[in-house]
Amino acid sequence: FLLHNQRPGPRRANLPVRVEREDLVSWVVFDRPEKGNALGMAELEEARRAVEAECSSGSHAVVAITGAGDRFFTTGVDLDETMEARDAEAAWRLMYEGLGGLCRAIQGCRKPVVAAVNGYALGAGMELLYFVDLAYAVRSAKFGVPPVRYGMVPPATPTVGVVLLGPRAAAYLALTGEMVTAEEALSMGILNGVVDTVEELRAKVREVAKAIAKNEPEAVAEVRRLIAESKMAALSDKGLRTLAAFTARPVVAERIRAMFKSRASRG
């Protein structure tokens with residue numbers, strides 16, 4: 001899709017991660033529809049680079065993260081690559097350097113970062129929401145952290161999530177792996193608001209960006225920094241290290257393979 005008032009220059013097609021710039025909003029877009037907008041190592045690195053570049057640009061008020069289309073925000077780290085990360089080094093690279101690098105880029109941004117959740121936000125897709133400043137979603141979106149089902153540990157829900165959501169909500173999400181609706185996510189404090197369509201979602205982000213842009217930039221940057229520090233980076237770092245360690249266990253590949261087989265048998 002194309003957003004109005006863009007100034008990106010020539011645009012290449014079929015990029016799994018791309019940037020679309022407006023007057024006040026720079027959009028980082030996940031676009032792998034055949035994978036549910038899931039992110040492999042290459043996409044995680046590209047998303048990190050895009051966030052870092054847009055955070056350092058002076059041409060817009062906020063950085064917004066969203067998914068292409070109206071079905072998926074992102075379904076998390078690519079399970080095919082997760083299944084292949086069978087040793088400690090590969091798991092560390094994918095989860096701590098790849099996913100962790102994107103999380104740290106968001107957390108270290110000098111500009112407010114807004115998540116525009118246009119569909120399913122699962123696994124890392126849900127975990128990214130702890131690192132942004134504001135999050136809005138379409139009513140049809142679903143949220144969940146299923147890593148425990150595969151023998152992995154979500155890095156942010158049982159750490160930062162306990163602080164931001166409270167221990168009961170964090171425990172439910174992390175221990176069951178069940179999905180919740182956008183309305184439930186709003187009541188838990190995961191979201192700032194819910195709208196009906198993707199068009200309204202983008203309009204809401206622009207509205208928030210306009211409000212932020214009225215304020216003095218250095219003060220905005222300092223408020224943003226204080227909020228990011230208050231989210232306890234040390235806790236999320238510990239969670240990412242734990243995730244990397246658990247990902248390398250053989251049971252993870254076995255459980256993911258069994259899930260794929262079960263899906264295939266159901267047609």
Inset, instruction - Would you sort out whether Lys210 and Glu207 count as a salt bridge (Lys or Arg N to Asp or Glu O under 4.0 Å), showing the intermediate values? - result: CA-CA 5 Å; Lys210 186 175 181 180; Glu207 177 188 326; over 6 Å; no
Quick one: does [X]'s side chain have a donor or acceptor within less than 3.5 Å of a partner on [Y]'s backbone?
| X | Y | result |
| --- | --- | --- |
| Glu127 | Thr157 | yes |
| Lys231 | Val132 | yes |
| Asn37 | Arg32 | yes |
| Ser262 | Ala258 | no |
| Asp70 | Thr197 | no |
| His60 | Glu54 | yes |
| Arg18 | Val29 | no |
| Asp78 | Ala38 | no |
| Thr247 | Ala91 | no |
| Asn192 | Ala135 | yes |

Would a hydrophobic clustering, with Ile, Leu, Val, Met, Phe, Trp and Tyr connected at side-chain separations under 4.5 Å, put [X] with [Y]?
| X | Y | answer |
| --- | --- | --- |
| Val114 | Val223 | no |
| Phe246 | Leu44 | no |
| Leu129 | Leu164 | yes |
| Leu134 | Val220 | yes |
| Val195 | Tyr136 | yes |

For [X] and [Y], work out which heavy atoms get closest and say how close.
| X | Y | value |
| --- | --- | --- |
| Pro146 | Gly123 | CD-N, 3.5 Å |
| Ala174 | Pro154 | CB-CG, 4.2 Å |
| Ile256 | Thr82 | CD1-CG2, 3.8 Å |
| Gly144 | Met126 | O-CB, 3.5 Å |
| Ala213 | Ala61 | CB-CB, 3.8 Å |
| Asn118 | Phe73 | OD1-CA, 3.3 Å |

Legend entry - CA sep, side-chain torsions, deciding dist, call: Met83, Phe260, side chain to side chain contact (heavy atoms under 4.5 Å, CB included): CA-CA 11 Å; Met83 191 164 49; Phe260 283 150; 4.0 Å; yes
Kindly compute the distance separating [atom1] ([X]) from [atom2] ([Y]), expressed to the nearest 0.5 Å.
| X | Y | atom1 | atom2 | answer |
| --- | --- | --- | --- | --- |
| Glu183 | Leu191 | CD | CG | 9.0 Å |
| Thr75 | Lys35 | OG1 | NZ | 9.0 Å |
| Leu99 | Leu128 | CG | CG | 6.5 Å |
| Leu243 | Met95 | CG | CE | 5.0 Å |
| Glu81 | Glu43 | CD | CD | 6.5 Å |
| Arg257 | Asp80 | CZ | CG | 10.5 Å |

Inset, instruction - Just grab all the salt bridge (Lys or Arg N to Asp or Glu O under 4.0 Å) pairs involving residues 152-165, residues at least two apart or on different chains. - result: none
Side chains of [X] and [Y]: does their closest heavy-atom pair fall under 4.5 Å?
| X | Y | value |
| --- | --- | --- |
| Tyr130 | Leu165 | yes |
| Val113 | Gln107 | no |
| Ile106 | Ile65 | yes |
| Arg263 | Met259 | yes |
| Arg21 | Ser26 | yes |

Is it true that [X] and [Y] make a salt bridge, defined as a side-chain N closer than 4.0 Å to a carboxylate O?
| X | Y | answer |
| --- | --- | --- |
| Arg48 | Glu45 | no |
| Glu52 | Arg49 | no |
| Glu178 | Arg149 | yes |
| Glu184 | Lys142 | no |
| Glu89 | Arg93 | no |

Inset, instruction - Just do the side chain to side chain contact (heavy atoms under 4.5 Å, CB included) check on Arg104 and Tyr96 with the steps written out, would you? - result: CA-CA 10 Å; Arg104 289 186 289 274; Tyr96 188 83; 3.6 Å; yes
Legend entry - Chi angles and distances behind the side chain to side chain contact (heavy atoms under 4.5 Å, CB included) call for Val17, Val28: CA-CA 7 Å; Val17 178; Val28 176; 4.0 Å; yes
Legend entry - Cation-pi check, Arg249 onto Tyr150 ring (under 6.0 Å, within 45° of axis): no
Inset, instruction - Assess whether side chain to side chain contact (heavy atoms under 4.5 Å, CB included) is satisfied between Val138 and Glu200, documenting all intermediate values. - result: CA-CA 8 Å; Val138 293; Glu200 290 177 58; over 6 Å; no
Inset, instruction - Report the hydrophobic cluster partners of Met179, with the cluster defined as I, L, V, M, F, W, Y residues connected by side-chain heavy atoms closer than 4.5 angstrom, directly or transitively. - result: Phe72, Tyr120, Leu122
